[in-house]
Structure formats: structure tokens, C-alpha cells
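The basis for the numbers below is simple: all heavy atoms, side chains too, and nothing from hydrogens, waters or symmetry mates. Chain A is the first sequence line, chain B the second, and so forth, proteins listed ahead of strands; every chain is numbered from 1.
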Amino acid sequence: MAFRPTRRRSKPGYILDLNLAPLLSLFVALIPMLLLTAMFQKTGIVNLYLPTLEEALLQENADDPVQDFTLAVTVTMKEISLLKDREVLLTERIENGLELDKFVEELITIKNEFPDKRDAVLLLDGDILYETIIDIMDAVRVNGDRELFPDISLADRVLEEG
Amino acid sequence: MFTILIIFLLKSYAAQGIILTIPADLHLPYSTTQTTPEPGLIVEISGNALVVDGKRLDVDLDAVKNSETLIIDVLYEQLMTKARQYEEIYELNPNARFTGRLVLEGDRKIPFRLLKKILYTCGQAGFINQSLAVFQEE
């Protein structure tokens, strides 16, 4: 037996009402939860590296003395220098803002030469601002996706006599 | 409208790490780091205030900057109290090991002479896993 065609479908201008109440109650629960966990400004951390006594002793007895040198970056208000042990490799003036391109190139050259070297030390003047320290740490730490010298320690720059 | 809001919020949803609450007057420096914050004792340095785990310390940072000594006594006492608390928790719950983890939220304009004293004091109090909090560059 055939059904009689419904009258509702043929009625012009009829719109089926969607029941949005469950969706809205879900949104009402979701929005406060997401607002609480949202981060509008992403924060991150830069780890500082403090060598332990064991590591220091291990480094002294290292099998590979070639890698065992101190890579230091000294920063004053006027200039920034890159030192390998006591030999100055590069000095750049930073009075008119920090330009680290050449500096990074030199760091990459050192990394290519000593791929296992991971640590570096920043020797800083007391007046250097925190944001400058972070900028320099970024340059020493990574270059794009490539890790350069991520284990960075901070130290005071000591003026040498004479 | 709700859908747009939900999509925006889902994009900024932080699924991992901890969320650092940064006070409005504290301007962190920007960095390219991708490391997310880990739980630890939070030390804030903003303007002339030093705050440890939400408690403001009675210390004049200008005097600290110009002093000869490296250790900041008030900060050291507070950190030692915190370290003792962590040790007590560890005795009761061996899973909560004291790692000496510390997150430093410093204003971008603080000079190194102040930063080094704070870091040194934290190190002396046993907080040797030090991290610097930064804003991630987009």
C-alpha cells in the first residue's frame, strides 16, 4: 500500500528547525576551559648550563683533547669578541646595535671543525642588559634548525691586569 | 560566532608544559627558543621587586646592584626555606624528588650585575637547574 505524500514537504517556505541547544551547551563548557588554558603570548625557557664537578673532571681526562678548549664570548658595552681559549678570533663593535651575522658565521665554522663541542661561556660586563644576553645566547645556541653550542654558562668578565 | 571563537581558542591551546603567569609590568625578553617551561620554583624580577613563588621579598634591588657582595641574604633565606620544604615533601613522597629546578622571570631591562647576583644566590641555595623565562618569537 502506497503512503500518501506528506503535506509538509509540499508546503512552500517551510524550514526545518535545527535543535542547537546541545551544541550551545557544549560550547558554553568548552569556551571557559579553553580560555583558561589559552596562551596568547607563548612563553618558553632558555636553560642555563652549570658544569658539575664530575663533568669538569671528565673533561680534564678527556680522550679527545682537540675538543677540549674553552669557547668564550666576551661582551662589553662597546664590543663583542669570540675567544678560543685565549686567542681572539673575532671582535665586532656593538655601539650602534647588535650585528651578529659575521659572528654566527665564525661560530658555524668552529662547529664544523669541532662537531662534538657543546659548551660555551659568556663573559659579560655588569651593564649588559638581560635582553642583549638572551639575543647573544640565541646566536650561540642555534642557527636556524642547527644546534651550535647549546650548553651556555654565564660569567663575569674579569679585567686582566696589564 | 561561537565556532570562530572555538577555532581561535583551540589554536592557542597549550597542551604541554606549564603555563607561566607573567605580571603585566614584567616584560620578558624575546627568544627563538622552542623549549617549553617545566615546573619549578619561580623567581620574578621586575622593576624594583623581587618575588619568590608569589611572595614579594623586602629587598631594595638598587642597593643590591651597587653592593659588593654576590649573595642576596633575604633571597637566600627564602630559597633555603623553599628548599627545606621540597626536601620535607620528598621525605613523605619519594616520587617528588627535589631537582633544584628554578625558572627566572626577569624584566628585559635588568642589568647583568643584578642577574648574576640572583643566579649566584639561587645556586648557593641548591637551585642549580636554572632556566630563564622568555617570550617565544612567532
Establish whether Leu79(B) and Phe98(B) are linked, either directly or via other cluster members, by ILVMFWY side-chain heavy-atom contacts under 4.5 Å. yes
Which bit of Leu115(B) comes within less than 4.5 Å of chain A, counting heavy atoms only: side chain, backbone, both or neither? side chain
Salt bridge flag under 4.0 Å for residues Glu147(A) and Arg118(A): yes
Per-residue contact mode, Phe8(B) against chain A (heavy atom under 4.5 angstrom): side chain
When rounded to the nearest 0.5 angstrom, what distance separates CD in Gln34(B) from CD in Glu137(B)? 10.0 Å
At a heavy-atom separation under 4.5 Å, does Val103(B) approach chain A through its side chain, its backbone, both, or neither? side chain
Below 4.5 Å from any heavy atom of chain A, which atoms of Asn129(B) appear? Answer side chain, backbone, both or neither. neither
Same apolar cluster (I L V M F W Y, side chains within < 4.5 Å links), Leu70(B)/Val74(B): no
So which of Leu36(A), Leu124(A), Leu35(A) has the biggest tally of heavy-atom pairs under 4.5 Å with chain B? Leu124(A)
Could you check whether atom NZ of Lys65(B) has more than 12 heavy atoms from other residues, nucleotides or ligands sitting under 6.0 Å from it? yes
Does a donor on one side chain and an acceptor on the other come within less than 3.5 Å for Asp138(A) and Ser31(B)? yes
Portion of Lys109(B) that has a non-hydrogen atom of chain A nearer than 4.5 angstrom: both
Highest number of heavy-atom pairs under 4.5 Å with chain B: which of Leu30(A), Ile134(A), Ile133(A)? Ile134(A)
Please classify the contact between Asp156(A) and chain B as side chain, backbone, both or neither, with a heavy-atom cut-off of under 4.5 Å. both
Where on Leu5(B) is there a heavy atom nearer than 4.5 Å to chain A: the side chain, the backbone, both, or neither? side chain
Contact leader toward chain B among Ile45(A), Thr132(A), Ile128(A), Asp127(A), where contacts are heavy-atom pairs under 4.5 Å: Ile45(A)
Say whether Tyr130(A) and Arg108(B), considering side chains only, have a donor N or O and an acceptor N or O under 3.5 Å apart. no
Which atoms of Val142(A) are under 4.5 Å from chain B, going by heavy atoms: the side chain, the backbone, both sets, or neither? side chain
Exactly one candidate in Asn143(A), Val140(A), Ile110(A), Leu71(A) meets side chain to side chain contact (heavy atoms under 4.5 Å, CB included) with Leu148(A); the answer is Asn143(A)
Which portion of Leu10(B) sits near chain A, non-hydrogen atoms under 4.5 angstrom: both
